[in-house]
Structures are given as C-alpha cells and as structure tokens.
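Working notes, structure below.
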Number of protein chains: 2
Amino acid sequence: MAEHEESRCENCIIRELNSLKALKKEELKAISDSKVSRSIKKGEALFKEGEKLGGVYCVRNGVSKLSKISDNGKDQIVKIASKGEVLGQRSMISEEGTNLSAVALNDMEVCFIPKDQITGRIQDNPAFTQAILKHMAHELKIADDFIVNMAQKTVNQRLAEVLLYLSTTFGTDEEGYLVLILSRADIADVVGTATELCIRTLAKFKKQGLIETKGKRIKILDQSGLEKLKDGFQ
Amino acid sequence: MAEHEESRCENCIIRELNSLKALKKEELKAISDSKVSRSIKKGEALFKEGEKLGGVYCVRNGVSKLSKISDNGKDQIVKIASKGEVLGQRSMISEEGTNLSAVALNDMEVCFIPKDQITGRIQDNPAFTQAILKHMAHELKIADDFIVNMAQKTVNQRLAEVLLYLSTTFGTDEEGYLVLILSRADIADVVGTATELCIRTLAKFKKQGLIETKGKRIKILDQSGLEKLKDGFQ
DNA sequence: GATAAAAGATGACTTTTGTCAGTTGGCCAA
DNA sequence: TTGGCCAACTGACAAAAGTCATCTTTTATC
C-alpha cells in the first residue's frame with residue numbers, strides 16, 4: 001500500500017529548513033523507508049537527558065522545549081525548537097547520551113530517523129556533513145551569546161529579550177498576542193529565574209505600558225521600549 | 001634555506017590534540033608552507049570580537065582567554081584556550097566575523113593558517129570535516145552546560161567550579177598552587193560576577209579552609225569540599 | 001455547574017549580588 | 001630610595017533576586 005505523497009521525505013518541505021536539504025533523492029528515499037512518524041501530546045517527553053538515542057527527531061509540527069536540570073534541581077530551558085529542527089543530532093555526532101530533555105510545549109508531529117541513516121550519510125555525503133557543520137557552528141555562536149546574557153544581564157533585561165524573541169520567532173495573532181503561549185514557569189525557566197520574580201517583572205512591564213496580558217497570553221505594546229530595556233537603558 | 005624540523009606541521013605534535021590530525025602528510029605540508037608563526041605577548045589581543053579573520057590560529061604555547069563584552073559593557077570570559085586549541089575556527093565555518101575576542105593570558109606562540117587552507121580541506125577531506133564536526137558537537141554540549149551553570153548556580157558554586165576546573169585543566173606546581181595564574185578580575189570574568197565579590201568569596205573559602213592564597217596564587221586545600229560546594233551542598 | 005487541581009498573583013522577608021569609596025601593598029622605573 | 005601605579009582588599013550600603021506562605025483565578029473533569 002502506497003503512502004501519501006506528503007508523508008515521504010522526498011516531498012516533505014520541512015527538510016528545506018534543515019541540513020537534510022543537502023541529501024540526494026535516493027538518500028531521502030532510504031530515510032523515508034526507515035523513518036517512523038510519531039505524535040507527541042503536549043507535556044509529553046520526546047526524550048530525557050542522559051538517554052541514549054537510537055536516532056534523531058525531525059520536527060514537522062509543534063514546539064518543544066530543550067532543558068536541563070542543574071545540580072540544584074532547577075530546570076533551565078536552553079532552547080525552544082520548532083518546525084524543521086532536528087533534535088538529538090548533537091548527541092548522536094558526539095556519541096554520547098543526550099545532554100538535554102525534550103518536552104512538547106504543544107501537540108507535536110515528529111519523524112524519527114534511525115541513527116545509522118544519519119551516520120551513514122555523514123560518512124558518505126560530504127555536502128551533508130558540511131551542512132550540519134555549518135549549522136552547528138551557528139548554534140555554537142548562539143550558545144556563546146546566551147552564556148554572556150545569562151552571566152551579565154539582569155532578569156529585567158533577560159525577560160525583555162525573551163519576549164522579543166518569542167515575538168520575532170513565533171509571531172503574533174490578529175489581536176497582537178504572542179502566538180506561542182508559555183506558562184509563567186516556563187518563561188521563568190528560559191529567563192533563568194524563579195517563577196515569582198518572572199510574574200512580578202511581567203506585572204512591572206505591564207505597569208510601565210510595555211506589555212499587556214490577558215490570562216497567560218501576552219501582547220507587546222512597546223517594542224522599542226523593550227529593546228532599550230534589554231540593552232540596559234532603563 | 002630549510003626550516004627546522006619541529007617547525008613543520010608534519011612534525012608538530014601539537015596537531016595530535018586537534019582536528020588537524022585527520023589531515024594527510026601532503027595536506028600538512030601545504031599548510032606548513034603557507035602558515036605564519038607569531039609570538040603574542042601577555043595582554044596582547046590575537047583578535048577582537050567582530051573582526052573578520054583571514055584564517056585560524058593554532059596555539060603552540062601559552063594560554064588565551066576568549067571573551068565577549070555584554071550590552072552592559074561587562075566582559076564575560078567564555079573559554080580559556082591553550083596548547084592544541086584552534087582559534088577562529090567557528091567563525092570561519094559560519095562565515096561571520098568572530099564572536100569573541102582572544103587575549104593572551106601569558107606569552108604565546110601561535111601558528112596562523114590562512115583561511116583557504118582550512119576551507120579547502122573541509123571541501124575535499126571528509127575525515128577532516130568529520131573530525132571538526134565531532135569536536136564542535138562536543139563544544140556545544142559544554143556550552144549548554146555552561147548556560148545552565150550561569151543561570152542556575154550561585155557565585156559561590158561557580159567560583160568553586162572554576163577553581164576545580166583550573167586545577168584539573170592546568171594543574172598545580174610542586175607547592176600545590178594552581179599553575180595558571182589569573183588576576184582576580186579575570187577570575188571574576190569567568191565566574192560572571194564583580195571583582196569585589198570574587199575577592200570576598202575567595203576570602204570566605206580561605207576562612208573555611210578550602211583554599212590558601214599567596215599573593216595572586218591559589219592553592220586548593222580541600223578538593224572534595226569544593227566539589228560539594230559546587231553541587232550545592234553548603 | 002460543582003469541585004478539585006493547577007497556575008497565577010501578591011506580600012513579607014531573607015539572601016545574594018552589585019556598587020562606590022576608600023585603604024593597603026607589591027612592583028617597577030626614574 | 002622614592003614616588004607612582006595598579007591590583008588586591010575592605011567596609012558600608014543599595015539593589016536585585018530568591019523564598020515561603022497565602023490567596024485568587026483559571027482550567028480541567030466529572
């Protein structure tokens with residue numbers, strides 16, 4: 001029985017967003033034959049830190065948080081991954097367990113691609129390897145910037161930055177509210193602070209006319225105000 | 001006039017420490033012919049953030065700090081690089097200016113390898129590309145861990161961790177003092193705090209019998225005490 | 001729609017961290 | 001030797017962040 005056209009990797013537009021676009025038709029066909037589609041419900045984990053993965057996950061739909069629990073038991077969200085992102089790639093290449101946990105922030109659809117399909121292509125398709133390398137180099141730059149932000153900026157600045165990031169990355173709806181809705185606790189885990197302080201700071205932003213809230217939904221009212229704040233001009 | 005044997009890349013043992021070991025004899029010869037050796041005095045910069053690099057620097061001797069100035073004007077040291085490290089590699093691959101500044105912490109000897117020597121090898125030697133990829137994947141894991149530490153740990157914990165890191169990475173002299181001697185300001189810039197708090201915290205550690213100091217030199221007295229501290233059991 | 005559970009919000013307080021204004025002490029060069 | 005300079009150090013205070021207890025609102029479920 002033939003699968004639907006759009007469920008085949010060769011026809012999947014998602015791959016234009018990641019390193020898989022460097023693969024040839026035949027290679028994609030082989031991957032498509034061995035891949036497994038999976039639905040992940042909001043709140044479910046794709047994998048947990050330390051786990052040995054048998055392959056990578058290509059995100060077709062939905063959003064996932066990648067986090068790690070520090071020695072003091074607090075969770076830190078390191079990245080928010082959505083459509084096109086390939087999860088588990090890094091740990092597969094360095095041949096370790098995953099360093100991060102991946103939990104769905106809303107309902108997701110992912111394709112699981114077995115390990116040997118990826119490692120095989122890294123062995124025999126230099127263009128693919130180079131694409132991953134370039135992507136990883138970029139990720140490393142982002143990580144370095146993140147380190148500097150966490151180390152040197154205040155919660156105020158970091159929260160302002162996160163709100164702007166959510167706006168530019170995931171966009172806003174017709175009413176101007178951020179499309180990606182996170183719990184206050186999750187926002188705090190991205191910012192790297194306690195939930196209470198996150199809530200208080202949001203309330204302060206609201207009082208200052210920078211944002212507006214409606215339940216857990218957030219609307220940015222003064223983008224340039226937030227940008228100034230993030231750069232330290234308070 | 002023939003160069004000294006040990007100044008040729010083919011004979012340089014340093015390359016065993018990095019991705020260059022994946023190169024073939026002829027490739028190394030070509031690199032050797034185009035490389036330029038350079039001496040950097042303590043305090044001098046190899047490059048500054050934002051600069052476009054014409055190649056990479058392979059560290060033969062000495063230690064360099066890699067840092068970035070945050071929007072608030074404070075410097076954050078992201079990495080301490082020594083013998084074998086290749087600097088500028090990441091920015092070359094992602095074809096951007098450097099994200100970090102590199103400043104010598106003591107007198108250094110480096111080899112400058114022109115850009116096209118590296119990009120050329122990435123194009124035509126898959127083993128080399130894979131070696132860099134694997135290294136970069138590992139660096140990314142370290143960066144993620146760093147993010148979690150900066151975000152979730154106290155200055156106490158982070159300073160304890162830095163001292164242990166300096167000890168295991170650069171070792172101690174006959175008297176037990178850390179071999180790599182950093183100014184208090186540099187230690188503070190690694191930890192991500194103000195110099196005064198760094199000094200105060202060192203004084204506290206001293207009072208607790210965890211360390212001993214003599215001028216700017218530091219000796220670890222109670223390693224397991226520091227390890228407990230770093231993991232949050234104070 | 002009632003009820004329980006979870007998430008959001010707030011007050012009061014403590015701890016941690018940052019800042020400013022000094023003093024001390026070692027090192028180098030004239 | 002002396003003066004100047006810089007890094008190390010200290011005290012006093014202010015600001016930022018974390019914690020705990022409690023209350024309110026929202027959401028989910030029967």
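Note that the structure is predicted; figures quoted are calculated from it, not measured. Order of the sequence lines fixes the chain letters, A, B, ..., with proteins taken first and strands second; residue numbering starts at 1 for each chain.
There is a side-chain donor-acceptor pair under 3.5 Å between A:N72 and B:Q157. Judged purely by distance below 3.5 Å, without hydrogens or angles, the side chains of A:K68 and A:N99 pair a donor atom with an acceptor atom.
Side chain of A:S91 to main chain of A:G97: no donor-acceptor pair is present (N/O by atom type, distance under 3.5 Å, no hydrogens or angles).
In this structure, A:L197 atom CG and C:dG11 atom P are separated by 15 Å, rounded to whole Å. Spacing between atom CG of A:N72 and atom C1' of C:dT15 amounts to 15 Å, rounded to whole angstrom units. Computed from coordinates, the A:M150 CE to D:dA17 C1' distance equals 13 Å when rounded to whole Å. Atom CZ of A:R217 and atom C1' of D:dT25 are 16 Å apart (whole Å). Counting to the nearest Å, the C1' atom of C:dG8 and the CD1 atom of A:I218 are 12 Å from each other. A straight line from NZ of A:K74 to P of D:dA17 spans 13 Å, rounded to a whole angstrom.
Counting heavy atoms from C-beta outward, B:M108 and B:S64 have side chains that approach closer than 4.5 Å. A heavy-atom distance below 4.5 Å is not found between the side chains of A:K206 and A:L202.
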Mind running side chain to side chain donor-acceptor pair (under 3.5 Å) on B:N149 and B:E161 for me, showing each step along the way? CA-CA 10 Å; B:N149 279 342; B:E161 185 152 19; 3.3 Å; yes
I would like to know whether A:N156 and A:K204 meet side chain to side chain donor-acceptor pair (under 3.5 Å); could you show each step before the answer? CA-CA 10 Å; A:N156 261 290; A:K204 191 169 67 183; 3.3 Å; yes
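Among A:K219, A:K214, A:R217, the single residue meeting the salt bridge (Lys or Arg N to Asp or Glu O under 4.0 Å) criterion with A:D173 is A:R217.
With respect to the salt-bridge test (charged N to carboxylate O, under 4.0 angstrom), the residues B:R184 and B:E196 do not qualify. The pair A:R90-A:E96 meets the salt-bridge criterion, with a side-chain N (NZ, NE, NH1 or NH2) lying under 4.0 Å from an Asp/Glu carboxylate O. With salt bridges taken as basic N to acidic carboxylate O contacts below 4.0 Å, one links B:K65 and B:D186.
Residues from residues 151-159 of chain A lying near DNA chain D, meaning a heavy-atom separation below 4.0 Å, are A:T154, A:V155 in numerical order.
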Shorter than 3.5 Å, N or O on both sides, protein versus nucleotides 23-28 of chain C: list them out with atom names.
none

Go along nucleotides 6-11 of chain D 5' to 3' and tag each nucleotide: B for a protein heavy atom under 4.0 Å from its base, S when only backbone or sugar atoms are that close, - otherwise. --SBBB
